[in-house]
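Each chain gets a letter, A, B and so on, in the order its sequence line appears, and its residues count up from 1.
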Amino acid sequence: MILPLDRAVAELVRDGDTVAMEGFTHLIPVEAGHEVIRQGRRDLTLVRMTPDIVYDRMIGAGCARRLVFSWGGNPGVGSLHRFRDAVVNGWPRPLELEEHSHAGMANRYAAGAAGLPFAVLRGYAGTDLVGRTPTIKPITCPFTGEELAAVPALNPDVAIVHAQRADRSGNVQMWGITGVQKEAVLAADRALVTVEEVVDELEPVPGQVVLPSRVVSAVSPVPGGARPSYAHGYYVRDNDAYRAWDAVGRDRDRFTAWLRDEVFGAAGGPRTPDRAPGEDREEQTA
Amino acid sequence: MILPLDRAVAELVRDGDTVAMEGFTHLIPVEAGHEVIRQGRRDLTLVRMTPDIVYDRMIGAGCARRLVFSWGGNPGVGSLHRFRDAVVNGWPRPLELEEHSHAGMANRYAAGAAGLPFAVLRGYAGTDLVGRTPTIKPITCPFTGEELAAVPALNPDVAIVHAQRADRSGNVQMWGITGVQKEAVLAADRALVTVEEVVDELEPVPGQVVLPSRVVSAVSPVPGGARPSYAHGYYVRDNDAYRAWDAVGRDRDRFTAWLRDEVFGAAGGPRTPDRAPGEDREEQTA
Amino acid sequence: MTATASPLSPSPSTADADEVMTVTAARALADGSSCFVGIGLPSTAANLARRTHAPDLWMVYESGTLGASPDTLPLSIGDGELAETADSVVPVTEVFNYWLQAGRIDTGFLGAAQIDRFGNINTTAIGDYDAPAVRLPGAGGAPEIAASCGRVIVIVRQSPRTFVERVDFTTSVGHGGGPGDRERLGLRGAGPVRVITDLGVLEPDPATRELVLTSVHPGVTAEQAREATGWDLAVAPDLATTPAPEPHELAVLRSLTGRG
Amino acid sequence: MTATASPLSPSPSTADADEVMTVTAARALADGSSCFVGIGLPSTAANLARRTHAPDLWMVYESGTLGASPDTLPLSIGDGELAETADSVVPVTEVFNYWLQAGRIDTGFLGAAQIDRFGNINTTAIGDYDAPAVRLPGAGGAPEIAASCGRVIVIVRQSPRTFVERVDFTTSVGHGGGPGDRERLGLRGAGPVRVITDLGVLEPDPATRELVLTSVHPGVTAEQAREATGWDLAVAPDLATTPAPEPHELAVLRSLTGRG
């Protein structure tokens, strides 16, 4: 149940899988993404509401064949250049897109978590997403006759999220902005949770979401594993690192060098606390 | 915003309204129900997953024309005899029934809260509820072709819930088992919340649900207002009172006397803390 | 194996019929499995299992308490004790949608006012729905427990009024009208795999899905069980006798129920 | 009303174009109303409003923070500051379903990479979707903000590349093709009621729903605004001049953005 990150990724993430790494700005499983890159996974369908820099890196590293998403930007900064390069130029390989809105994606996860084949929402009407995205279909209310939008459930092969804590039985506790992580984990066949720490007892915290161990396949202790995103109560969002990513991601060579130094350079499993990922920021922005 | 219970009920609950009083075993707004009885409301459509003794009393007092529900019993004890008497014998007046399952009711509230006309669930298939309850219809998944059940949204005229605390602006805080109260409040046009106490500041509590004041029409301080149900952190469930209700509710005369003494005898607004409703238990069971 | 006196069982050393029923139900719960627990006998059986052979039984109550481990038997499915001891307390929408409907619960426990030869259950009304002889509480969580739990165990006292040829109202589907009906209806769980009564145990015939008497409790005859059944109850050729409660099971059960 | 020097505005006393745009947007938010806030200029405008005329503006960020009141401007819609200061933090499913879709938000703020004469917005791709000249971030929360907020205010810098006859991709619906289209599509909010740019303010004509220049910022001419528009922009007969930022508005804005 509690496994080092490299073993957990090796066991749970397979070539060709549909992988959902969630975390809405907060608690993004960045280090787990780096481990997937290190292990050279290919042909993944990456699912995520806000691809963010973790998917920018995975796409740039060639892990992904397809992206299911709703907003692919660098929050507060601008574009994701590796994502753009893959979509516009097919580098390092073409990237198929399946685009939804946030509301659609959130409801797709919720349907997946609930064992339903689809979800219903007031959404998409009049937008060009309707024609472009085959996973949006009309549905009529059997009581009022209103037409609404239906979207199919998302049921990833594996969900990966980051949380503040787990206990030794693998019960997971997160708090602060918890996004759609609960739904992503419940919707997936397998779930990997990286955590800041493993503790004896999960002291209740206001706003907490607890994922019972029976829906968690593996917990990996990865302190700092969300950096440059943040872990409420542990460290703050490294906004400078997000800004600095713009220049790195913009240039193929610079990105490739970054990948070599910062991801493969740290090979051999997850980084240890004495060399937390956040400490690389200075090099990264240099 | 903060109003005495009698004024709040006078302003928010009208004859003929659809009223949802929720609280899943915990935090049942019993005193608010008594106030509705005192004010002589008639022709109400009462909505509640588990009618419990509060609706037994309101039905026995003649407030209700119709009941929308999923389980009408005295939890852990047995039947609700006023409910039975109304259904089987039409005393004190006939009671129309609209029956669902818990899953259906919960999803109906959720659809109402979400501004959707209906909800979808795996439910009811093969049961006789399908033929008896016109608010259950089939719906086909546009992606898989599977047939599921659709139920219409519940949007009560007024929701009434009990909570532990509110602040002076009317933000409401509850914790422990919170059932479908959030959904019921969000689904309703108007919402009345009775609380154990009004405080200056809502100190965060693990497991809390906070209802922002903008979705609350009125808050009424009613300490002990959930008795013989309970308020986590304030008082425990009075299981003896639930058991004792069986004998009172079973007999029309005894019920009528109880109503006269315990509900109308306390007329003139909500009971004050020095005569909390729970203290009546001895008389009630005598 | 016979119920002889033991230091752990101070009161009458022979289990009564309800006790045999409850112990038999408890034994049906595997350690580490998850169980959707209704109030009354199911809750007693699940809590007994957790205190005997299944310490890691994961109990879910429909109030939203996941992994509750109460010190005392709750009277309602929403007692404060359940929330205080749960791994997580979730809204009622989530317990039904994310846990039950999603197929995450191994065993569902149901009671019944009527049960028929195919394990269909009535908890709604006896007689005509529109003019019932007896109005019962209704569906509650039962239809979806019967549909979505991995399997269902029914606990109900046996009598011809309860065990009927055909239920007056199908609140929760067992095996419908026979083989293939659950599949046709899209019900994902296996349905009732065992009906545990105060007289014995009934299980669906693998081919016909009709309930068959497979075990009688100590001291009960097949004929007594047949007389307490409103249809022509079939008896398994290898009819067993239910193992009597062990002294320690009985002692724990009595400490839970306050008898003993 | 002219931007003269004041003790509260230490840096250049004349507001620049972005500042006029932001202050004008802030003024559009009524005290006590609710606002769905995107990051960037909308967040700056909403936080400015809350510190000036609208202390009870209720800000909702799509990360699930309801009633956030950050001390500093967040960089992302999910900064920790938002969660710490919120009345309530809810799951993303709830913010979209229970709050936005249910019609509980008065004003939605949107930006745009392209906006057309009917206020339709593109944030998906410039050029052909399958072989885009520029790939943009995509929809995010915008389609449903545009559909379900009571009204929408768009904040976007004006240029012919941005203000186009017809958007390459309709990510979020404004007034569709003209009168009645929102109703036909079942969109419940009023749609874009104001487009605030660095040059002036555009509002939909009540009859045709086409965007019309109704105000120019101080020092800007209608012709400049028309030249920065990719269609033949109509000018309101009673064209106004946007009231210049007050010194205290400018001072607060600059304290927020770190300029000044």
Chemist: What's the spacing between T124(C) OG1 and E99(B) CD if we round to 0.5 Å?
Modeler: 5.5 Å
Chemist: Once rounded to the nearest 0.5 Å, what's the spacing between atom CG of N107(B) and atom CD of Q101(C)?
Modeler: 6.5 Å
Chemist: Is the backbone of R135(C) close enough, under 3.5 Å, to the side chain of R84(B) for a donor and an acceptor to pair up by distance?
Modeler: yes
Chemist: Using non-hydrogen atoms and a 4.5 Å limit, figure out which bit of M49(B) sits close to chain C: side chain, backbone, both or neither.
Modeler: side chain
Chemist: Do you know which of A147(C), S43(C), A139(C) has the most heavy-atom pairs with chain B at a distance under 4.5 angstrom?
Modeler: A139(C)
Chemist: Given that the side chain runs from C-beta out, which part of R188(C) has a heavy atom under 4.5 Å from chain B: side chain, backbone, both or neither?
Modeler: side chain
Chemist: Could you check whether any side-chain N or O of Y129(C) sits under 3.5 Å from a backbone N or O of R132(B), counting only pairs where one atom can act as donor and the other as acceptor?
Modeler: no
Chemist: What part of Y109(B) is in contact with chain C, defined as an atom under 4.5 angstrom from a non-hydrogen atom: side chain, backbone, both or neither?
Modeler: neither
Chemist: Compare all side-chain heavy atoms of P91(C) with those of V180(B) and state whether any distance is below 4.5 angstrom.
Modeler: no
Chemist: Could you check R237(B) against S76(C) for side-chain contact (heavy atoms from CB on, under 4.5 Å), going step by step and ending with a plain yes or no?
Modeler: CA-CA 9 Å; R237(B) 191 169 192 269; S76(C) 80; 3.5 Å; yes
Chemist: Is A110(B) in contact with chain C via its backbone, its side chain, both, or neither, using a 4.5 Å heavy-atom distance?
Modeler: side chain
Chemist: Is it the backbone or the side chain of R122(B) that comes under 4.5 Å from a heavy atom of chain C, or both, or neither?
Modeler: both
Chemist: Quick one: what part of E146(B) sits under 4.5 Å from any heavy atom of chain C, side chain, backbone, both or neither?
Modeler: side chain
Chemist: Please round to the nearest 0.5 Å and tell me the distance separating atom OG1 of T25(B) and atom CG of L75(C).
Modeler: 9.5 Å
Chemist: Enter the distance from F169(C):CZ to L129(B):CG here, rounded to the nearest 0.5 Å.
Modeler: 4.5 Å
Chemist: Can you tell which part of E183(B) gets under 4.5 Å to a heavy atom of chain C, answering side chain, backbone, both or neither?
Modeler: side chain
